[in-house]
Amino acid sequence: MTARGWFLFSLMGVVWGIPYLMIKVAVDAVSPSTVVFTRCALGAVLLLPFALRQGGLVRTARAHWRPLLAFACTEIIVPWFTLSDAERHLSSSTAGLLIAGVPIVGVVVARFFAGTDRLGPRRAAGLTVGLAGVAVLTAPHLTGGDARSLAEVLLTVVGYATAPLIAARHLKGVSSLQLTAACLTLSTVVYAPAAAVTGPSAMPSAEVLAALAGLGVVCTAIAFVAFLELIKEAGPTRATVITYVNPAVAVAAGAVFLGEPLTPGVVTAFALILAGSVLATAGPAAAGEPRTPDAARTPEALAGAVDESG
């Protein structure tokens with residue numbers, strides 16, 4: 001990659017690794033609905049003018065409203081709420097590491113619903129190793145409120161793994177900027193009533209306001225623009241490798257800023273999930289497996305359409 005490509009890659013590794021920290025700070029003071037609404041509203045306000053400037057946004061929304069709605073639900077409306085609600089009980093490090101399982105779930109979803117090439121022994125081993133990492137990470141939390149939070153993160157992971165399939169199959173001709181702006185605008189409208197009802201009775205602290213602003217401006221608006229530029233610079237497959245960097249950033253941020261423990265179990269889980277993701281998403285050639293007619297539709301190719309963010 002070029003120097004510009006490496007800069008964008010490093011930037012994305014950070015800006016999509018810190019949402020978990022910011023969500024954790026925000027949900028200690030405001031409701032999950034307020035967090036999602038604020039994030040979507042800020043992102044929409046910043047991106048919508050550029051999408052309108054491209055022209056044809058309304059026409060595109062009318063022509064593709066069904067897949068746009070499905071994508072918005074699986075990428076933003078449901079996952080951002082369940083993730084925010086889960087972080088009321090889970091540490092930001094745990095949430096970030098569990099989201100690292102998205103490539104693993106993506107392989108399974110693509111295999112059974114998108115008709116991609118067979119898994120093969122290497123990918124099957126990757127799924128096993130990755131799931132072992134998830135088991136190591138979640139075992140201490142399988143009680144009480146934590147169990148519900150784990151289920152919410154799992155739902156988030158399934159949504160993040162499914163959304164790229166929708167985009168790759170039904171939204172190929174839609175501008176990524178218009179897709180993002182339309183979905184953020186729709187999500188803002190959806191969460192406005194809940195945010196109005198559950199909004200804080202007093203002005204949140206400066207720390208919470210900064211976290212909300214960071215989520216909307218940095219982790220949503222700027223992040224999507226930077227990711228689109230990274231795809232142009234390095235290609236979709238290389239761009240999605242940030243999925244392997246984000247969890248490390250999430251764990252480090254939680255440890256440094258929130259004092260979350262960096263236990264041997266967390267380190268082991270991270271290593272297993274990372275190794276499993278790399279093995280499970282390896283292309284046929286990289287995995288030493290024969291190509292099939294569907295090899296071009298591997299999970300990493302599908303994921304190239306839209307990345308999963310926290």
Side-chain angles (χ1 to χ4, degrees), residues 13 16-17 20 79 82-83 86-87 89-114 116-165 237 240-255 260-284 286-289 298-300 302-303 307-310:
W16 270 347
Y20 312 100
T82 52
L83 178 61
E87 286 205 46
H89 302 284
L90 298 176
S91 69
S92 64
S93 301
T94 299
L97 284 177
L98 288 174
I99 297 298
V102 167
I104 297 173
V105 176
V107 170
V108 177
V109 173
R111 174 67 182 84
F112 289 102
F113 295 101
T116 59
D117 50 306
R118 65 185 180 85
L119 290 179
R122 181 168 179 171
R123 288 182 176 178
L127 291 175
T128 303
V129 171
L131 291 175
V134 172
V136 170
L137 187 64
T138 59
H141 301 280
L142 293 177
T143 57
D146 284 354
R148 172 188 167 181
S149 298
L150 290 173
E152 289 181 316
V153 177
L154 176 60
L155 186 58
T156 302
V157 169
V158 173
Y160 284 169
T162 304
L165 298 176
T237 302
T240 56
V241 177
I242 60 170
T243 305
Y244 304 140
V245 180
N246 299 153
V249 175
V251 171
E260 295 175 352
L262 190 61
T263 64
V266 170
V267 175
T268 301
F270 173 68
L272 290 172
I273 293 173
L274 177 61
S277 295
V278 173
L279 288 172
T281 57
E289 298 163 4
T298 54
E300 62 265 38
L302 294 170
D307 187 64
E308 298 80 41
S309 60

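Residues: numbered from 1 along the sequence shown.
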Exercise. Check for a donor-acceptor pair, side chain of E260 on one end and backbone N or O of S93 on the other, with a separation under 3.5 Å.
Key: yes
Exercise. Taking T94 for its side chain and L90 for its backbone only, find out whether a donor-acceptor pair lies under 3.5 Å.
Key: no
Minimum-distance pair of heavy atoms, taken over all atoms of [X] and [Y]:
X	Y	value
T156	P79	OG1-O, 3.4 Å
A250	G96	CB-CA, 4.0 Å
V266	P261	CG2-O, 4.3 Å

Quiz item: In Å and rounded to the nearest 0.5 Å, what is the CD to NE2 distance from E152 to H89?
Solution: 7.5 Å
Quiz item: Say you draw a straight line from CG of L155 to CG of L150; how long is it, rounded to the nearest 0.5 Å?
Solution: 12.5 Å
Quiz prompt | T82 vs V153, side-chain contact (heavy atoms from CB on, under 4.5 Å): CA-CA, chis, key distance, verdict | solution = CA-CA 6 Å; T82 52; V153 177; over 6 Å; no
Exercise. Tell me, with the steps shown, if V105 and V102 meet side-chain contact (heavy atoms from CB on, under 4.5 Å).
Key: CA-CA 5 Å; V105 176; V102 167; 5.9 Å; no
Quiz item: Should L83 and Y20 be marked as a side-chain contact (heavy atoms from CB on, under 4.5 Å) after you check the CA-CA gap, both sets of side-chain angles, and the distance that decides it?
Solution: CA-CA 9 Å; L83 178 61; Y20 312 100; 4.0 Å; yes
